[in-house]
Amino acid sequence: MLDLLESDQSEFVAVYGRRRVGKTYLVREAFGYHFAFQHTGILDASLQEQLTEFQQSLKSSGYRKCPEPANWHEAFHLLSKLLEKSKDTKKVVFIDELPWMDTLNSNFIRALDHFWNGWATARKDIILIVCGSATSWIINKVIMNYGGLHNRLTRQIFLRPFTLAECEQYSQDRKLGFTRKQLLEGYMALGGIPYYWSFLQKGKSLAENFDRMFFAENGEMTREFDALYASLFRNPEPHIAIIKALSTKKSGLMRNEILTETGLDDNTTFIKALKELEQCGFVRKYTCLGKISKDALYQLMDNFTLFYFKFMQENTNGNPHFWTSSLNTSTHNTWAGLAFERVCLQHLSQIKAALGFAAVISTAHSWTFKPKSDDSDQLGVQIDLLIDRNDEVINLCEMKYCNDVYSIDKNEDEKLRHRQAVFIRESKTKKAVQLTMITTYGLAKGGYSDDIQNQVRMEDLFKIGIE
């Protein structure tokens, strides 16, 4: 990002990503907290409140006798006057939470368009950086804008959550002292969101931290769910209804199934909410291998949201030690298996590298087979991860979260072989289909485990993946 300072033209940069992923921190650290102008929008504020706060930011940046703007056109005109007086070689303007400033009928985008196209682009010394957690707003209103801002961005930065490797480095820097198994379970609940990880306290176990953060009165994460969706979407009710429905289905739901489960109408509100959840990375849209796009499934992918529905919402008695009391129960084990699968899907590059084909072009899929009639003697098959490779191989992956090495017994061996046989028969693939196990500590040696062609362990997920 610092190369922007060497540019021979004005630069317009959009930084976007999930709430609490570290966008503001990245920008401030990159420029040493020095800006010609810095401002942050206010959540749920009126136009007048937004303009008043913008005026205060102008005053804080050196425009001492700044008048109060009547609208956004005047506000950006005042900003241009401030910047014209700046002695900085490159005048860095950082506007955080930009989507919150776009209130109803405010003509905010039109004013921003005029500021950039009518003033900033005529100069060579402006670096305008806009930022926001409402990813869908940034994408639709700035990146994919088909009006005056069309193709005006000179750079866009999508800030992804930390990987397991990066969370491990962060935890080591903070001397938390967690094992990789504990870090993995932490990731299963917190995802790779640095802000969430910052609440973990040194000297306390992961379980103690979780009880305090999620379940104690006034814990740091007790109100995060509501704050998260309120900050991302202006009317989050349909979004929450959708993810609540998806949280009950491991492999996801088709579009018509979501409508049935939620009772929502098939209208523009529903279409927009589903698309926004996908844009923000909370929901994954995927098509099973061999299926057409209309059969696409939507799957909940946000780790914290899944944890909220499985645990926080279930703590109806307000038990401050709900996490500790849930350990090793069927509820915990079911969640752990599901959450581990999500972590694996979030670390596909690490899995491919561990299997030795990081440089081979490949695509990840799920696959489902349902017998044509209820009275059929055939068994249905659900495969959550298939990696289809260009070197004529398909990895049929089975993901298992456990506290020790995983032993494959006769019953499990029969299930794996059945899945492999049904997939080969029904997909009619000519590629080699290799059974692949992804586990925490690997497979117990001997017995049926010897028939597994490939293994990936928890340790492999902590490596730096190759994109």
Enquirer: Taking only Lys NZ, Arg NE, NH1 and NH2, and the carboxylate oxygens of Asp or Glu, determine whether Arg255 and Glu257 approach each other closer than 4.0 Å.
Expert: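 The answer is no: the pair does not qualify as a salt bridge.
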Enquirer: Before we go on, tell me: are the rings of Phe304 and Tyr196 under 6.0 Å apart, centre to centre?
Expert: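 So the answer is yes for these two rings.
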Enquirer: Taking Lys431 first and then Asp388, would you say they form a salt bridge - that is, a charged N and a carboxylate O separated by under 4.0 Å?
Expert: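 Looking at Asp388 together with Lys431, the answer is yes, because their closest N to O distance falls below 4.0 Å.
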Enquirer: Indicate whether the side chain of Asn454 and that of Gln434 have a donor and an acceptor atom separated by less than 3.5 Å.
Expert: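 Result is yes, a qualifying pair exists.
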Enquirer: Describe, in one word, how the ring planes of Trp323 and Trp335 are oriented to each other, choosing from parallel (under 30°), tilted (30 to 60°) and perpendicular (over 60°).
Expert: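 Trp323 and Trp335: perpendicular rings.
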Enquirer: Closer than 3.5 angstrom, by distance alone: can the side chain of Lys23 be matched with the main-chain N or O of Arg18 as a donor-acceptor pair?
Expert: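 Here the side-chain-to-backbone pair exists.
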Enquirer: With no hydrogens and no angle check, is any side-chain donor or acceptor of Asn267 less than 3.5 Å from a backbone partner on Phe270?
Expert: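 Flag set: sc Asn267 to bb Phe270 pair under 3.5 Å.
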Enquirer: Determine yes or no for a side-chain-to-main-chain donor-acceptor pair under 3.5 angstrom, with Glu168 supplying the side chain and Phe462 the backbone.
Expert: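 Here the side-chain-to-backbone pair does not exist.
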Enquirer: Would you say that Lys250 contacts Gln382 through its side chain, given a criterion of any heavy-atom pair below 4.5 Å between the two side chains?
Expert: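 SC-SC contact between Lys250 and Gln382 ruled out.
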Enquirer: Below 4.0 angstrom, N of the basic side chain to O of the carboxylate: do Glu220 and Arg212 qualify?
Expert: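 Salt bridge: yes.
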Enquirer: Determine, for Lys463 against Asp460, whether the closest basic-nitrogen to carboxylate-oxygen distance falls under 4.0 angstrom.
Expert: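 Yes, this pair counts.
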Enquirer: Taking the six-membered ring for Trp, are Phe225 and Phe309 parallel (under 30°), tilted (30 to 60°) or perpendicular (over 60°)?
Expert: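 Judged by the thresholds at 30° and 60°, the geometry between Phe225 and Phe309 is perpendicular.
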Enquirer: Please check this pair: side chain of Gln182 against backbone of Thr179, looking for a donor-acceptor N/O pair closer than 3.5 Å.
Expert: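 At least one qualifying donor-acceptor pair exists.
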Enquirer: Hey, are the side chains of Phe369 and Arg425 touching, using non-hydrogen atoms and a 4.5 Å cut-off?
Expert: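 The answer is yes; the side chains approach within 4.5 Å.
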Enquirer: Check the side chains of Asp211 and Thr324 for a donor-acceptor pair under 3.5 angstrom, ignoring hydrogens and angles.
Expert: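 Short answer, yes.
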Enquirer: Does a side-chain N-to-carboxylate-O contact under 4.0 Å join Lys415 and Glu398?
Expert: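 Glu398 and Lys415: not salt-bridged.
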Enquirer: Would you call Glu278-Arg284 a salt bridge at under 4.0 Å N-O?
Expert: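 Answer for the salt bridge query: no.
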Enquirer: What's the verdict on salt bridge (charged side-chain N to carboxylate O under 4.0 Å, His left out) for Asp3 and Arg155, showing C-alpha distance, side-chain angles and the deciding distance?
Expert: CA-CA 12 Å; Asp3 61 323; Arg155 186 173 304 186; 2.9 Å; yes
Enquirer: Just checking, Arg152 and Phe12: is the charged tip under 6.0 Å from the six-membered ring centre and within 45° of the axis?
Expert: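 The answer is no; the distance or angle limit is not met.
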Enquirer: Rounded to the nearest 0.5 Å, what separation is found between the CD1 atom of Ile351 and the OG1 atom of Thr436?
Expert: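 Reported to 0.5 Å precision, the distance equals 10.0 Å.
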